[in-house]
Amino acid sequence: MEKCSIVVPCYNEEEALPLFYEAVQQVIGEMTTLEFEYILVDDGSRDQTLSIMKSLAQKDPAVHYLALSRNFGKEAAMLAGMEESTGDYVVIMDADLQDPPELLPQMYQAVKEEEYDCAATRRVDRKGEPIIRSFFARRFYRLMNRIAKLNMMDGARDYRFMKRVMVDAILSMKEYHRFSKGIFGWVGFQTKWIDFENRKRVAGRTKWSFFSLFRYSIEGMVAFTTAPLEWASFVGLFFCVLALIAVVFLFVRALLFGDPVMGWPSLACMITFFSGLQLFVSGIIGMYLAKAYNEIKARPVYIVREKG
Ligand code: UDP
Ligand code: MG
């Protein structure tokens with residue numbers, strides 16, 4: 001019988017995890033043609049998440065857990081879970097039931113019978129989310145699709161049902177700065193998109209603030225496109241040309257009208273503007289340099305403390 005691994009990154013999910021397990025058990029109980037295993041990854045939780053995992057593992061031999069040595073972030077937790085998985089299929093699911101388990105049979109059917117390599121899900125609405133966040137999220141996806149030439153779906157979740165080939169492709173990407181939404185798109189494969197309506201988490205709180213999402217989107221951009229570096233050189237070129245025009249203009253004006261001392265305020269404005277611009281551009285370059293530095297160090301993406 002084919003096996004499917006359910007990978008669940010968990011960070012402070014003591015309230016949600018038991019509900020998650022029950023809900024998933026109900027759905028997979030009816031999927032009799034597949035054998036299931038759970039890979040629960042404790043991403044350095046500070047609550048009782050790990051002991052809940054242990055008690056689930058004691059009751060159910062299909063449950064395995066992996067405790068990371070500290071909080072490494074969801075990307076690292078997902079990677080750890082995928083590396084540990086042994087199934088012919090791998091599903092990644094959040095522990096908070098925002099990824100509806102009812103979709104599993106449909107997702108399985110897509111990869112089993114419809115010649116897809118992967119079934120992915122997306123939320124068709126962003127109900128219950130602050131408007132400003134939705135607005136920026138949409139802009140981000142538009143921008144990324146345009147500049148990174150990645151096929152990233154707006155509203156796509158990490159909730160996916162993948163064949164082993166695709167999982168192995170993802171695992172072959174060894175980068176330290178992992179941006180899964182980009183990685184999933186980058187490896188390619190045939191993906192079926194399944195829509196569902198956004199739902200609230202069953203318990204606990206989201207770990208994302210607006211600011212952390214903003215940083216995450218910058219990470220994603222740096223990880224998947226070098227377009228900002230090109231923009232920087234274009235901006236530089238643009239201002240060079242502008243400066244040349246200004247020189248000619250000032251020269252001609254001085255010839256025609258003499259050179260009374262003027263223009264101190266405009267000079268001050270220009271100096272501030274251009275120093276700002278230069279710092280901004282060095283900042284962009286610095287960001288890429290910093291990422292490159294981290295990649296070269298080649299530190300492990302996560303460290304396992306305990307396994308069971
Ligand atoms: N998560 C994790 N490590 C982290 C943050 C989150 O493993 O540092 C897990 C979390 O437990 C949940 C999933 O990632 O299962 C999604 O997190 P969350 O619900 O906070 O994100 P949202 O659904 O709001 O995007
Ligand atoms: Mg959530």
Side-chain angles (χ1 to χ4, degrees), residues 5-24 38-53 56 63-85 90-101 103 120-130 132-134 136-138 140-141 152-160 176-184 196-217 219-220 301-306:
S5 309
I6 302 179
V7 169
V8 193
C10 302
Y11 178 52
N12 295 345
E13 300 285 7
E14 60 180 3
E15 290 165 71
L17 196 56
L19 303 171
F20 168 84
Y21 176 75
E22 285 309 319
V24 175
Y38 290 87
I39 312 281
L40 308 178
V41 184
D42 174 29
D43 185 17
S45 300
R46 278 156 220 262
D47 62 1
Q48 295 306 306
T49 303
L50 183 59
S51 43
I52 290 171
M53 286 179 182
L56 286 176
V63 174
H64 305 280
Y65 64 86
L66 204 61
L68 306 188
S69 61
R70 63 169 168 85
N71 179 245
F72 282 90
K74 184 184 177 187
E75 295 290 345
M78 287 195 295
L79 177 71
M82 279 191 274
E83 282 190 331
E84 196 61 23
S85 70
V90 172
V91 189
I92 298 176
M93 276 176 104
D94 285 2
D96 57 8
L97 286 176
Q98 278 186 309
D99 298 333
L103 296 180
T121 59
R122 67 177 167 207
R123 307 181 288 176
V124 284
D125 62 320
R126 291 173 165 271
K127 242 183 265 161
E129 192 185 66
I132 181 113
R133 184 178 293 189
S134 310
F136 278 107
R138 291 223 176 79
F140 172 69
Y141 283 107
M152 267 188 11
M153 279 293 173
D154 184 6
R157 307 228 9 125
D158 292 330
Y159 182 25
R160 280 169 181 262
Y176 180 80
H177 291 285
R178 302 187 74 81
F179 181 66
S180 283
K181 289 183 200 318
I183 291 177
F184 291 142
F196 70 93
E197 286 197 354
N198 194 18
R199 34 186 91 184
K200 292 215 165 75
R201 29 161 69 243
V202 279
R205 284 196 298 131
T206 178
K207 282 94 201 168
W208 292 100
S209 64
F210 182 80
F211 189 62
S212 63
L213 275 175
F214 180 73
R215 287 187 58 143
Y216 185 60
S217 59
E219 290 254 321
V301 180
Y302 60 88
I303 293 169
V304 176
R305 181 166 68 97
E306 203 180 328

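Note that the coordinates shown come from a computational prediction; the quantities given were computed from them, not determined experimentally. When a ligand or atom number is given, it counts from 1 through the structure's own listing order.
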Counting only heavy atoms not in F214, do more than 12 fall under 6.0 Å of its CZ?
no
Among residues at least two apart in sequence or on other chains, which ones pass salt bridge (charged side-chain N to carboxylate O under 4.0 Å, His left out) with R178?
none
For Q48, look at atom CD and say whether over 12 heavy atoms of other residues, nucleotides or ligands are found less than 6.0 Å away.
no
Salt bridge check, D43 against R70: does any charged N sit closer than 4.0 Å to a carboxylate O?
no
Please report which non-hydrogen protein atom sits nearest to atom 6 (C) of ligand 1, along with the residue it belongs to and the distance in Å to one decimal place.
K207 CD, 3.8 Å
Qualifying residues under salt bridge (charged side-chain N to carboxylate O under 4.0 Å, His left out), relative to R138, sequence neighbours excluded:
D154
Which residues pass the ring-ring contact (aromatic ring centres under 6.0 Å, His included) test with Y38, sequence neighbours left out?
Y21
Residue-level breakdown please: for N71 versus ligand 1, do any non-hydrogen atoms fall below 4.0 Å on the side chain, on the backbone, on both, or on neither?
side chain
When you measure from atom 23 (O) of ligand 1 to every protein heavy atom, which one gives the shortest distance, and what is it?
Q98 OE1, 2.6 Å
Heavy-atom nearest neighbour in the protein, as seen from atom 18 (P) of ligand 1, with distance rounded to 0.1 Å:
R201 NH2, 3.4 Å
Ligand-side contact atoms (ligand 1) for residue partner C10, heavy atom cut-off under 4.0 Å
7 (O), 11 (O)
Does D94 use its side chain to pair, donor to acceptor, with the backbone of D99 at less than 3.5 Å?
no
Distance to 0.1 Å, residue and atom name: give those for the protein heavy atom nearest to atom 14 (O) of ligand 1.
K74 CD, 3.2 Å
Under 6.0 Å from the ring centre and within 45 degrees of the ring axis: does the NZ or CZ of R122 meet both conditions for the six-membered ring of F196?
no
Are R157 and ligand 1 in contact, using a heavy-atom cut-off of under 4.0 Å?
yes
Give the residue, atom name and distance (to 0.1 Å) of the protein heavy atom nearest atom 1 (N) of ligand 1.
Y11 CB, 3.8 Å
Starting from atom 24 (O) of ligand 1, find the nearest protein heavy-atom neighbour and note its residue, name and distance.
T206 OG1, 2.7 Å
Hey, are Y216 and E75 close enough side-chain-wise for a donor-acceptor pair under 3.5 Å?
yes
Could you list the atoms of ligand 1 found under 4.0 angstrom from a heavy atom of D94?
13 (C), 15 (O), 16 (C), 23 (O)
For D43, take its heavy atoms, then give the atoms of ligand 1 lying under 4.0 Å from any of them.
2 (C), 3 (N), 4 (C), 7 (O), 8 (O)
Which atoms from ligand 1 have a heavy atom of D96 less than 4.0 Å away?
19 (O), 23 (O)
Does any N or O of ligand 1 fall below 3.5 Å from an N or O anywhere on P9, backbone included?
yes
Under-2.8 Å protein N/O/S neighbours of the Mg ion (ligand 2), ordered by chain then residue number
D96 OD2, Q98 OE1
For M78, which part has a heavy atom under 4.0 Å from ligand 1: side chain, backbone, both, or neither?
neither
For A95, take its heavy atoms, then give the atoms of ligand 1 lying under 4.0 Å from any of them.
15 (O)
Check whether any side-chain N or O of S212 sits under 3.5 Å from a backbone N or O of S209 as a donor-acceptor pair, and report yes or no.
yes
Tell me, with the steps shown, if V7 and M93 meet side-chain contact (heavy atoms from CB on, under 4.5 Å).
CA-CA 6 Å; V7 169; M93 276 176 104; over 6 Å; no
If the cut-off is 4.0 Å to any non-hydrogen atom of E13, which atoms of ligand 1 fall inside it?
10 (C), 11 (O), 12 (C), 15 (O)
